[in-house]
Amino acid sequence: MTNDLIKETYTLSNGMTVPKIGFGCYNPKGGDTYGMIRRAIDAGYTYFDTASLYETERALGQAVKDSGKRREDFIIASKAWHDEMGAGNVREAFFRSLKRLQLDYIDLFLIHWPRPNTQCDWKKLDLETWSELEKLKEQGFIRALGVSNFLPHHLENLLDHSDTKPVVDQMELHPGYLQEAAVRFCQEHEILPQAWGPIGRGWIFQNSVVNDLSSKYGKSFAQICLRFLLQRGIQPMPKAMSEEHMWENADVFDFEISREDMWLMSCMPQTDWLGEHPDLAIPQKASNPDQ
Ligand code: NAD
């Protein structure tokens with residue numbers, strides 16, 4: 001059975017429409033990624049977020065192929081990891097992703113992190129990478145370009161020196177970690193903020209503010225988090241293994257968090273975060289070209 005709960009869409013600055021909720025394909029604990037994605041397709045998700053680092057591109061490509069749906073019914077997004085940046089590197093990395101996904105084109109391709117390490121000339125590297133991605137887009141291999149974990153100063157570098165504006169910026173965003181300045185900057189520049197870790201990888205579940213609102217609205221913690229992000233104009237990318245959680249996370253379009261409660265959640269004490277700041281600490285894991 002397929003649900004059609006995620007009917008609402010955002011329109012990106014290049015005119016593309018995307019469902020308001022995507023599905024995250026990061027599955028670090030392993031397990032049956034292919035089965036997870038097939039269940040998510042059956043549950044009605046059509047936007048899938050992966051990355052070369054996640055090593056889930058093959059499973060995603062196969063699941064899309066086996067679904068019996070049309071390619072154009074899906075929005076597939078992937079990302080280049082920090083050791084895949086630079087003109088030649090990113091072109092090769094892109095075609096490795098395309099091959100693993102068994103696709104002719106990718107809908108959205110993102111730079112995963114703005115700076116590989118704190119010492120390098122990241123502005124030059126980002127621009128060189130971006131310019132190569134622009135060529136791939138012109139050649140019809142990519143429909144839209146985006147970024148991930150970019151803060152306003154990283155975005156300004158692209159906006160000031162290139163003709164292509166990123167259509168999305170994927171950041172860690174959830175109640176208690178809102179990155180207000182970055183979200184505001186994105187929205188002022190028609191860049192759709194996407195939320196990774198939108199239900200806070202479980203930390204939120206102990207939070208008393210979210211807990212109380214969950215009881216008040218008769219919705220789960222996850223649904224309160226996702227609804228909150230949607231009402232802030234953000235596109236969440238929840239990941240879930242179980243069918244029950246997949247359905248629950250899509251079922252957030254039939255209620256409204258009140259203005260007062262939105263302010264309460266917006267001003268609640270900070271919760272935890274993953275601890276990776278794009279300018280301070282970056283994940284050092286290398287990509288695996290042979291995956
Ligand atoms: P998440 O907030 O989506 O949390 C996932 C965890 O919550 C899983 O353990 C899942 O089983 C559980 N869960 C899901 N639905 C639930 C529900 N309704 N009730 C209770 N528990 C539930 O965090 P995430 O997986 O870190 O992030 C989501 C996606 O964002 C990833 O899969 C990936 O696509 C993307 N991501 C991007 C970056 C980046 O740097 N761009 C980094 C991390 C993740």
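The figures that follow rest on heavy atoms only: side chains count, while hydrogens, waters and symmetry mates do not. Sequence positions, counted from 1, serve as the residue numbers for this chain. All ligand and atom numbering here is 1-based and tracks the order in the structure.
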| task | Could you list the residues that satisfy side-chain hydrogen bond (donor to acceptor under 3.5 Å, both in side chains) with T33, not counting sequence neighbours? | result | N27
| message | If the condition is side-chain hydrogen bond (donor to acceptor under 3.5 Å, both in side chains), which residues does K123 pass it with, not counting sequence neighbours? | response |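 Per chain and number, K123 pairs via side-chain hydrogen bond (donor to acceptor under 3.5 Å, both in side chains) with no residue.
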| request: Measure up the F185 and H189 rings against each other and bin them: parallel (under 30°), tilted (30 to 60°), perpendicular (over 60°). | output: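 The rings of F185 and H189 lie parallel, inter-plane angle below 30°.
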| field | Neighbouring residues of ligand 1, heavy-atom cut-off under 4.0 Å | value | G24, C25, Y26, D49, Y54, K79, H112, W113, S148, N149, Q170, W196, G197, P198, I199, G200, R201, F205, A222, M237, P238, K239, A240, H245, E248, N249
| task | Test salt bridge (Lys or Arg N to Asp or Glu O under 4.0 Å) on K137 and E134 and set out the steps. | result | CA-CA 5 Å; K137 180 173 170 288; E134 283 178 310; over 6 Å; no
| message | I'd like to know whether the aromatic ring centres of F95 and F141 sit less than 6.0 Å apart in this structure. | response | yes
| query | So which pairs with a foot in residues 9-35 pass ring pair (Phe, Tyr, Trp, His ring centres under 6.0 Å), sequence neighbours left out? | reply | F23-Y45, F23-F48, Y26-Y54
